[in-house]
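Below is one structure, written out as structure tokens, with a few remarks after it.
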Number of protein chains: 2
Amino acid sequence: MNSRSSDHATVRTDTKPTRRKSATSADDDLEVPLKLWVVLARAYAAVSRHVETDVAAHDLTPMEFGILEVLYHRGPMLLGEIQRKVLVTSGGITYLVDRLAAKGFVERQECPNDRRARYAVLTPSGTALIKRIFPAHARTIAQALSGLSTREQSEATDLMRRMGLAAAASSAK
Amino acid sequence: MNSRSSDHATVRTDTKPTRRKSATSADDDLEVPLKLWVVLARAYAAVSRHVETDVAAHDLTPMEFGILEVLYHRGPMLLGEIQRKVLVTSGGITYLVDRLAAKGFVERQECPNDRRARYAVLTPSGTALIKRIFPAHARTIAQALSGLSTREQSEATDLMRRMGLAAAASSAK
DNA sequence: GGCATATATCTTAGTTCTTAGTTACTTAGT
DNA sequence: ACTAAGTAACTAAGAACTAAGATATATGCC
């Protein structure tokens with residue numbers, strides 16, 4: 001039970017150092033993407049922690065913050081538009097906007113063209129909040145990412161954008 | 001209400017095209033890290049979706065899969081060790097191992113040196129499961145990341161690793 | 001117009017975690 | 001040995017969602 005290479009594999013599916021590039025065509029080098037996935041997940045978790053700590057200091061979740069931010073930068077939006085922007089389910093956006101409304105940061109407004117739809121709109125209090133905390137939030141993110149130079153951050157942005165677009169595309173709508 | 005540049009800012013904190021490099025020293029180019037964070041979060045979400053769909057097909061959550069995988073690759077581990085590896089709280093690891101135990105994939109075993117501690121150990125059924133589904137899982141990830149060439153994936157791994165390590169380090173212990 | 005189908009939001013129930021606090025045990029100091 | 005402090009896992013309560021289905025409205029086809 002110890003002679004086969006498939007036992008106790010250390011993430012790599014194939015350990016042989018012989019045959020380096022261009023594998024048998026199937027088994028097309030699974031090691032590199034697996035490693036990227038692990039590293040990506042850890043990096044995302046580490047940065048997320050900074051972001052969560054920051055927004056939690058103002059009694060917000062990252063989702064709540066994201067909604068305030070998008071409303072601040074783009075003005076009133078239909079719930080469905082926000083939903084697609086922040087990637088939650090329809091039930092989720094209802095719940096989130098309820099919470100923000102209970103805190104007094106957003107209001108619902110009827111849509112004149114479509115009586116099913118509702119706009120979420122920042123209240124003066126919500127506008128004041130996001131305007132006040134956004135700059136420090138941006139600095140928190142900048143510091144969390146400061147392990148890379150600005151040049152490297154731009155490279156990373158390019159890579160992550162292309163990776164994400166491809167992944168999203170192959171995931172159906 | 002439309003003449004000041006702080007109104008309706010489009011993510012960038014400063015819009016002036018004059019003065020390009022080396023900002024006033026404070027406000028040290030927040031645009032690049034903000035963009036990276038947005039793109040990173042989207043990319044992570046898109047890839048996560050593939051991963052979740054894949055593991056859900058075997059009635060597992062990503063966390064459950066992660067535990068099975070780490071136990072498979074490293075052998076029996078104390079719950080606290082797994083906890084640190086997969087990044088959950090102590091209550092979370094209890095809950096997760098309970099679920100995996102209820103499904104018959106892992107068992108708890110006493111630790112001879114420390115009677116507070118418990119090992120989680122794969123059952124034969126758990127071993128068979130992870131051995132069976134891991135290869136296809138790896139291929140799913142490879143395909144989700146295939147928007148980048150192998151070379152670019154390696155670059156991305158390097159960048160994400162350094163970024164993640166720095167973010168984790170500046171996040172207290 | 002009237003009907004079928006699609007869409008926008010909401011509701012309910014359930015899942016997956018976290019937080020805070022507990023129990024049991026271990027280790028270090030005296 | 002005895003006590004204080006630390007650590008490992010567990011428990012209870014609750015937060016933040018998701019999934020599935022309900023409701024109300026809109027749209028296109030006949």
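Every chain is numbered from 1, with letters handed out A, B, ... down the list of sequences.
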(request) Please state whether the rings of B:F134 and B:H73 are parallel, tilted or perpendicular, taking 30° and 60° as the class boundaries. (result) perpendicular
(message) Under 4.0 Å, heavy atoms only, any strand: does A:L96 hit a base, just the sugar-phosphate, or nothing?
(response) sugar-phosphate
(request) Starting from the 5' end of DNA chain D, give me the residue, B:E81 or A:P112, whose nearest nucleotide shows up first. (result) B:E81
(message) Taking only side-chain N and O atoms of B:R99, does any of them lie within less than 4.0 angstrom of OP1 or OP2 on C:dT15?
(response) no
(request) Using atom CZ of B:R118 as one end and atom P of C:dT26 as the other, report the distance to the nearest whole Å. (result) 11 Å
(request) Please evaluate the base of C:dT26 for a donor-acceptor partner in the side chain of B:R116 within a cut-off of under 3.5 Å? (result) no
(request) Examine B:V32 and B:L30 and state if one hydrophobic cluster contains both, with Ile, Leu, Val, Met, Phe, Trp and Tyr joined whenever side-chain heavy atoms are less than 4.5 Å apart. (result) no
(request) Taking all heavy atoms of B:H50 and all of A:A167, pick out the closest pair and write down the distance. (result) NE2-O, 2.7 Å
(request) Could you state the atom-to-atom distance from CZ of B:R115 to C1' of C:dT27 in whole Å? (result) 15 Å
(message) Could you tell me how far apart A:Y95 (OH) and C:dT11 (P) are, to the nearest whole angstrom?
(response) 14 Å
(request) Identify the two heavy atoms, one from A:L87 and one from A:M63, that lie closest to each other, and give their separation to 0.1 Å. (result) O-CE, 4.1 Å
(message) Would you compute the distance between atom OG1 of A:T61 and atom CZ of A:R99 and round it to the nearest 0.5 angstrom?
(response) 4.5 Å
(request) Round to a whole Å and report the spacing from CE of B:M63 to P of C:dC17. (result) 5 Å
(request) Quickly work out the A:I82 CD1 to C:dC10 P distance and round it to whole Å. (result) 11 Å
(message) Whole angstroms only, please: what is the CD1-C1' distance between A:I93 and C:dT11?
(response) 16 Å
(message) If I take atom CD from residue B:Q153 and atom CG from residue A:L36, how far apart are they, to the nearest 0.5 angstrom?
(response) 6.0 Å
(message) Reading DNA chain C from 5' onward, which residue's closest nucleotide shows up sooner: A:L79 or B:V88?
(response) A:L79
(message) Nearest 0.5 Å, please: how far is CG in B:L122 from CG in B:L129?
(response) 9.5 Å
(message) Which is more 5' along DNA chain D, the nucleotide nearest A:G91 or the one nearest B:Q83? Just name the residue.
(response) B:Q83
(message) Just the rounded figure in Å: distance from C1' of C:dA24 to CD of B:E110.
(response) 13 Å
(request) Let me know the distance between CG of A:D98 and P of C:dC10, rounded to the nearest Å. (result) 7 Å
(request) Looking at every strand, decide which applies to B:G92 at a 4.0 Å heavy-atom threshold: base, sugar-phosphate, or nothing. (result) base
(request) Please list, in 5' to 3' order, the outermost nucleotides of DNA chain D lying under 4.0 Å from any heavy atom of chain B. (result) D:dG6 to D:dT11
